2 protein chains.
Amino acid sequence: MAPRKQEEIFQATLELLAGRGYEGLTVEGVAERSGVDETTIYRWWPSKAVLLGTALTESRLLFFETPDTGSLRGDLVALVEQVAGLLTRPPAADVAVAALGAAAGNPELAVGVQHFFADRFSRERLIFDRAVGRGELSPDADPMLIMDLLVGAIWLRAIFRGLPLDEDFAPRVVDAVL
Amino acid sequence: MAPRKQEEIFQATLELLAGRGYEGLTVEGVAERSGVDETTIYRWWPSKAVLLGTALTESRLLFFETPDTGSLRGDLVALVEQVAGLLTRPPAADVAVAALGAAAGNPELAVGVQHFFADRFSRERLIFDRAVGRGELSPDADPMLIMDLLVGAIWLRAIFRGLPLDEDFAPRVVDAVL
């Protein structure tokens, strides 16, 4: 399958999830919206939960580049700004919230969400590896704990509390943790 | 209405949410489970979303005492341990995840979740007020940002990543932030 068409399938999946909820998401609907045959989609992704789990991790919609600004602080501020941007602007914000909501009642989809976070962490690790290499960060530091704090704070403030993120939110959370 | 009966209504509401999801939660079901007349429940809480929003904040199920150990670090470690306990053990963990999931597709319920976090923060503030009074914390510190980091990290690690919390998770997140 051509990568271009694959991305269309993933985007259709995520848009339908955000617009109609998990119950309203169907492979038939994804086929219609992406212009790809339903049986073709099933051949690659055997269930709706697998398709959605893969789309979360692979689609460009929730993708962010790993920053490389030359400093740990600069990289983390850029990363927090990217994640905060995703979580506060449609369509990515609606997709992320809908996916988390759907995963709450669906163990198969919860695994897809865990896979999403594991994939993103494997990219985020580069920031910490480079910082250790530059002598900016102790090799004993715990990169996952730092990411839990930073990304968790964005979720708490923007999604759970429903409060706006101040313009200086990113440097402030990063400085609180470093 | 007697407070004892009110708590039974709230617990029935939260248990049904965790067991059947938001769609399966009905005021009729709450009435059956709590032994309180359905019309009585409607008189106090005009809709399912309002009842659930109130139950989240008021029920003992998701309640935690504000620690008062004599030090900021001690208070925050105790607080993180309490919240981590709630988010990793049934029934509170199932209730919290189901409530967040349901709020993803329901703006009225999302307001209930925001109210829950605002209520908890009004209690958590005491920890920081006392720390400022003892000269342990600058009056310029941002208590909400500290709580976003700490509570967000628990959600990220335990719920989104689905990973176990190490025994020293609480002191480690607190030391990373203080």
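Only heavy atoms go into these numbers, but all of them, side chains included; no hydrogens, no water, no symmetry mates. Given the structure is predicted, the values throughout are model-derived calculations rather than measurements.
- Following chains of ILVMFWY side-chain contacts shorter than 4.5 Å, one cannot reach V111(A) starting from V50(A), and the two form parts of different hydrophobic clusters.
- One hydrophobic cluster holds both L178(A) and I154(A) under the rule that ILVMFWY side chains link at heavy-atom gaps under 4.5 Å.
- Within the 4.5 angstrom heavy-atom criterion, only side-chain atoms of L163(A), from C-beta onward, approach chain B.
- Residues of residues 16-34 of chain B never come within less than 4.5 angstrom of chain A, heavy atom to heavy atom.
- Using a 4.5 Å cut-off between heavy atoms, F169(B) contacts chain A through its side chain alone, with no backbone atom that close.
- If you chain together hydrophobic residues whose side chains sit under 4.5 Å apart, Y42(A) and L52(A) fall into the same group.
- Put simply, the residue from L150(A), D148(A), L145(A) that forms a side-chain contact (heavy atoms from CB on, under 4.5 Å) with L156(B) is D148(A).
- For V113(B) against F160(A), the heavy-atom pair with the smallest separation is CG1-O, 3.9 Å.
- Of all heavy-atom pairs spanning G101(B) and A104(A), the tightest one is CA-CB, 3.9 Å.
- Counting only heavy atoms from C-beta outward, the side chains of V177(B) and L149(A) approach each other to under 4.5 Å.
- Hydrophobic clustering places I41(B) together with W44(B) (ILVMFWY residues linked when any side-chain heavy atoms are closer than 4.5 Å, directly or through intermediates).
- Ranked by heavy-atom pairs shorter than 4.5 Å toward chain A, the options R157(B), M147(B), R172(B), H115(B) are led by R157(B).
- Considering every non-hydrogen atom in both R161(A) and F117(B), the closest pair reads NH1-O, 3.6 Å.
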